[in-house]
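Residue indices begin at 1 and follow the sequence shown.
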Amino acid sequence: MSNNDIMKKLRVALKFTDDDIVEVLNLANFRITKTELGAIFRNEDHPNFKPCGDQILRNFLNGLIIYKRGPKPQANTNEKKP
């Protein structure tokens with residue numbers, strides 16, 4: 001299964017629009033346009049098809065964690081340990 005297939009299945013399972021996916025990627029500090037994203041969801045035989053790289057999938061999954069759980073709490077370095 002390719003990264004493109006995984007992204008397609010996640011989009012359907014989560015009922016995400018392209019705007020939702022761009023928002024999730026922004027949470028992981030990864031910028032992508034809707035045009036670039038659309039190329040990932042095209043059929044492999046389409047002239048504008050673009051393979052989904054590991055970086056896009058990794059950042060989407062990291063952004064999805066932030067989207068669902070919220071940002072990671074900052075560790076308080078001022079606390080004294082017993």
Side-chain angles (χ1 to χ4, degrees):
M1 182 177 282
S2 71
N3 288 348
N4 293 66
D5 294 335
I6 294 169
M7 287 292 290
K8 287 177 186 177
K9 289 183 183 297
L10 285 171
R11 179 177 68 169
V12 171
L14 297 168
K15 299 178 184 171
F16 275 3
T17 63
D18 288 346
D19 290 327
D20 295 330
I21 294 172
V22 169
E23 178 187 343
V24 168
L25 285 166
N26 282 333
L27 291 173
N29 295 321
F30 188 83
R31 308 289 181 243
I32 192 169
T33 65
K34 285 175 61 173
T35 305
E36 293 171 320
L37 188 62
I40 291 170
F41 294 119
R42 295 190 182 276
N43 289 329
E44 288 185 30
D45 57 349
H46 193 279
N48 293 335
F49 170 79
K50 178 184 171 189
C52 178
D54 292 339
Q55 184 180 20
I56 294 172
L57 182 59
R58 179 180 67 246
N59 282 302
F60 177 74
L61 294 173
N62 287 335
L64 189 60
I65 291 169
I66 296 168
Y67 181 81
K68 292 291 188 181
R69 290 191 203 164
K72 184 176 181 180
Q74 296 294 325
N76 191 353
T77 58
N78 295 333
E79 289 184 21
K80 293 182 180 180
K81 293 183 181 179

Going through the distances and angles, do R11 and D18 end up as a salt bridge (Lys or Arg N to Asp or Glu O under 4.0 Å)? CA-CA 9 Å; R11 179 177 68 169; D18 288 346; 3.7 Å; yes

Closest approach of I66 to L27 (non-hydrogen atoms, all atoms of both residues): CD1-O, 3.5 Å

Closest non-hydrogen atom pair, A39 against N48: CB-O, 3.2 Å

Please confirm whether the ring centroid of F41 lies under 6.0 Å from the ring centroid of F49. no

Could you grab the distance from atom [atom1] of [X] to atom [atom2] of [Y], nearest 0.5 Å is fine?
| X | Y | atom1 | atom2 | result |
| --- | --- | --- | --- | --- |
| Y67 | I21 | OH | CD1 | 10.5 Å |
| M1 | K9 | CE | NZ | 4.5 Å |
| I32 | Q55 | CD1 | CD | 9.5 Å |
| E44 | S2 | CD | OG | 6.0 Å |
| C52 | E36 | SG | CD | 11.5 Å |
| N26 | R31 | CG | CZ | 4.5 Å |

Following the transitive rule for hydrophobic clusters with a side-chain heavy-atom cut-off under 4.5 Å over Ile, Leu, Val, Met, Phe, Trp and Tyr, establish whether I65 and L57 coincide in one cluster. no

Show your working on side chain to side chain contact (heavy atoms under 4.5 Å, CB included) between L14 and L64 and close with a plain yes or no. CA-CA 10 Å; L14 297 168; L64 189 60; 3.8 Å; yes

Applying side chain to side chain contact (heavy atoms under 4.5 Å, CB included) to L10 and F16, what does each step give before you reach the verdict? CA-CA 8 Å; L10 285 171; F16 275 3; over 6 Å; no

N62 side chain to N29 backbone, donor-acceptor under 3.5 Å: no

Can you tell me if N59 uses its side chain to pair, donor with acceptor, with the backbone of L25 under 3.5 Å? no

For a side chain to side chain contact (heavy atoms under 4.5 Å, CB included) check, start with the C-alpha distance between I56 and I40, then their side-chain angles and the critical distance, and finish with the verdict. CA-CA 10 Å; I56 294 172; I40 291 170; 3.8 Å; yes

